[in-house]
Protein chains: 2
Amino acid sequence: MQDTLFSFIAKYISLTDDEKHAILSLDLFRAVKKGTTLLKEGQNSKDSYFVLKGCIRTHYILDGEEKTTAFYTEMEALTPPCVISKTPSEYYISCVEDSILLISNSDMEVEVNRKFPKFDIMCRKLSEELLAKQRIDFDEFKTNSPEQRYLNLLQKRPDLIQRVPQHQLASFLGIKPQSLSRLRARILEKSKE
Amino acid sequence: MQDTLFSFIAKYISLTDDEKHAILSLDLFRAVKKGTTLLKEGQNSKDSYFVLKGCIRTHYILDGEEKTTAFYTEMEALTPPCVISKTPSEYYISCVEDSILLISNSDMEVEVNRKFPKFDIMCRKLSEELLAKQRIDFDEFKTNSPEQRYLNLLQKRPDLIQRVPQHQLASFLGIKPQSLSRLRARILEKSKE
DNA sequence: TCAAATCGTTCACTTAAGTTAAGAAACGAA
DNA sequence: TTCGTTTCTTAACTTAAGTGAACGATTTGA
């Protein structure tokens, strides 16, 4: 589990054993049960999440309907917009599977960054990289049809289609569950020919 | 023009007059004519852009068709994904209007960051903020219909609808130009009732 | 200035997604 | 295990976006 964390960090900075111990001593690992709500709409949270094992999702409730917009799995990090903007959260974060997460607090991060200035560098690199990746994802979403988006997902994150409920996948793809069912049937039909 | 830059920077860090002079002495302002291509697909660029006046856009060419995915206007910054990933660019950047830009090079930024460590802090804050903002934009795009997206744009960036060609706006909204025309006619029809 | 290209709109037609409803399958809690 | 809920799929119908084509209006450049 710790390996997952340190091989993630190693992508950005190199740590000494002392530094590794210091991080572990913060005791940030948390086991979270499937279905647990980590953040609710309207809350003022300062927590960021890193998925060591499992899957979490972000969703809105609009007109009483759940709209899932993102999934985070192993080796992925999430700092909710409300932490950055210091305003109440517009969305929910919940646990799709039993998961092990690293949950860090932004106040605590300020502290850690003072002790280990390296961390600031990592955070900068990480957020620049995530910004660029997300830009590409957004552009692909804009330029593709729902069917193309599904086929894309099948290529890039085939695990998600297995581990996540269809109705959550549907809104992640920007469509209704019924449309996803139909779209999958259509693809299957095509592949038979 | 310099005021635009310094009031932007002031949102993140405070600068002394000496620091301001140092920045100006780098001589990074560029006047760019409408239609100019700043970055081509396949190029390995290290340039980032900050719009002081005017408008630039990013677009792909897919199946021979132009797909515009983003616009950047006054007080907005753009670091292309290719600068971060150090791979050839997947898209084009071009000038929508005669513009005045600040164009900085990532090699040069490393230099500036060494002289003024403050800058690293600004870059981190900026990219974290942009990441959060873009996340919200992406989520709104996913959860809204084309018509809602257009009405949203009308609220949030009404200037864009005036200053940008319709066919570029259409792909920015994720639809075809004909659909945008139809959609606008539909809205007009509704408002008459 | 004039011809060519580009752009925005409209129309008729096709295709796919939204909506409403119903039933089967899977899941969870008592 | 069983009852009730949630989830997934299918179907019929509605609505909106994609497609191909045509038409002026504008812009561009030779």
Side-chain angles (χ1 to χ4, degrees), chain A residues 33-37 55 57 59 61-68 71 92 94-98 141-154 160-190 192-193, chain B residues 33-37 55 57 59 61-68 71 92 94-98 141-154 160-190 192-193:
Chain A
K33 283 275 167 215
K34 175 176 174 176
T36 309
T37 299
C55 178
R57 66 187 248 262
H59 72 273
I61 295 186
L62 305 172
D63 306 319
E65 264 197 277
E66 249 189 39
K67 303 274 188 176
T68 298
F71 297 102
Y92 296 77
S94 61
C95 229
V96 176
E97 304 171 345
D98 289 354
F141 193 94
K142 270 189 187 177
T143 55
N144 287 330
S145 68
E147 184 170 327
Q148 287 172 313
R149 298 201 283 259
Y150 177 78
L151 292 169
N152 254 278
L153 197 67
L154 215 51
L160 265 195
I161 292 163
Q162 300 306 320
R163 64 206 288 197
V164 155
Q166 296 299 305
H167 66 282
Q168 290 175 16
L169 254 193
S171 55
F172 177 68
L173 293 169
I175 57 177
K176 302 283 166 188
Q178 298 92 318
S179 299
L180 178 55
S181 274
R182 178 169 41 199
L183 177 160
R184 297 176 74 185
R186 196 165 62 223
I187 291 171
L188 206 67
E189 206 50 43
K190 280 183 196 165
K192 272 192 205 160
E193 287 164 16
Chain B
K33 282 274 166 214
K34 174 178 176 176
T36 308
T37 298
C55 178
R57 66 188 248 261
H59 71 274
I61 296 186
L62 305 172
D63 307 317
E65 266 196 277
E66 249 188 40
K67 303 273 190 178
T68 299
F71 298 100
Y92 297 76
S94 60
C95 228
V96 175
E97 305 171 344
D98 291 352
F141 193 94
K142 271 189 187 177
T143 55
N144 287 331
S145 68
E147 184 171 326
Q148 286 172 312
R149 298 201 283 259
Y150 177 77
L151 291 170
N152 254 282
L153 198 66
L154 214 50
L160 265 194
I161 292 163
Q162 300 306 320
R163 65 205 286 197
V164 153
Q166 295 298 305
H167 66 281
Q168 291 176 13
L169 254 194
S171 55
F172 178 69
L173 293 169
I175 57 176
K176 302 284 167 187
Q178 297 93 317
S179 298
L180 178 55
S181 273
R182 178 169 40 199
L183 178 160
R184 299 177 72 184
R186 198 165 59 223
I187 291 171
L188 206 67
E189 206 50 43
K190 281 182 197 165
K192 270 191 207 161
E193 288 166 13

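Only a predicted model underlies this, so the values are computations on that prediction, with no experimental measurement involved. Note on naming: letters A, B, ... go to the chains in the order of the sequence lines (proteins, then strands), and numbering restarts at 1 for each one.
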Check your understanding: Is any side-chain nitrogen or oxygen of Ser179(B) closer than 4.0 Å to OP1 or OP2 of dG18(D)?
Key -> yes
Check your understanding: Looking at Arg186(A), does any N or O in its side chain come under 4.0 Å of the phosphate oxygens OP1/OP2 on dT15(C)?
Key -> no
Check your understanding: Which nucleotide sits closest to the side chain of Pro146(A): dC8(D), dA17(C), dA17(D)?
Key -> dA17(C)
Flag side-chain contact, heavy atom, 4.5 Å: [X] against [Y]:
{"X": "Tyr150(A)", "Y": "Ile187(A)", "value": "yes"}
{"X": "Arg184(A)", "Y": "Leu188(A)", "value": "no"}
{"X": "Val164(B)", "Y": "Arg57(B)", "value": "no"}

Length of the line joining [X]:[atom1] and [N]:[atom2], which is rounded to integer Å:
{"X": "Leu180(A)", "N": "dC8(D)", "atom1": "CG", "atom2": "P", "value": "9 Å"}
{"X": "Ile161(B)", "N": "dG8(C)", "atom1": "CD1", "atom2": "C1'", "value": "15 Å"}
{"X": "Gln178(A)", "N": "dT14(D)", "atom1": "CD", "atom2": "P", "value": "17 Å"}
{"X": "Asp63(B)", "N": "dT19(D)", "atom1": "CG", "atom2": "P", "value": "10 Å"}
{"X": "Glu66(A)", "N": "dC8(D)", "atom1": "CD", "atom2": "C1'", "value": "16 Å"}
{"X": "Glu65(A)", "N": "dG18(C)", "atom1": "CD", "atom2": "P", "value": "11 Å"}
{"X": "Lys33(B)", "N": "dT28(D)", "atom1": "NZ", "atom2": "C1'", "value": "15 Å"}
{"X": "Arg182(B)", "N": "dA12(C)", "atom1": "CZ", "atom2": "P", "value": "12 Å"}

Revision key, fill the gap. Protein heavy-atom contacts under 4.0 Å, written 5' to 3' over nucleotides 23-30 of chain C as B (base), S (sugar-phosphate only) or - (none), form the string -----S--
Revision key, fill the gap. Contacts of Leu183(A) and Pro177(B) projected onto DNA chain C by closest heavy atom; the upstream (5') one is Pro177(B)
Point to revise | Selection: residues 165-176 of chain B, any non-hydrogen atom under 4.0 Å of DNA chain C | key: Pro165(B), Gln166(B), His167(B)
Counting only N and O atoms by type, is there a donor-acceptor contact under 3.5 Å from the side chain of [X] to the main-chain atoms of [Y]?
{"X": "Ser171(B)", "Y": "Lys67(B)", "answer": "no"}
{"X": "Gln168(B)", "Y": "Pro165(B)", "answer": "no"}
{"X": "Lys142(B)", "Y": "Phe172(A)", "answer": "yes"}

**Study point:** Option from Leu180(A), Asn144(A), Leu183(A) for which side-chain contact (heavy atoms from CB on, under 4.5 Å) with Leu173(A) holds
**Key:** Leu180(A)
Review point. Hey, does the side-chain of Arg184(B) have a donor or acceptor N/O within less than 3.5 Å of a partner on the base of dG8(C)?
Key: no
Practice item. Look at the aromatic rings of Tyr92(A) and His59(A) and report parallel, tilted or perpendicular, splitting at 30° and 60°. Key: parallel
Revision key, fill the gap. For Glu97(A), the side chain to side chain contact (heavy atoms under 4.5 Å, CB included) test, sequence neighbours excluded, returns Cys55(A), Ser99(A), Arg163(A)
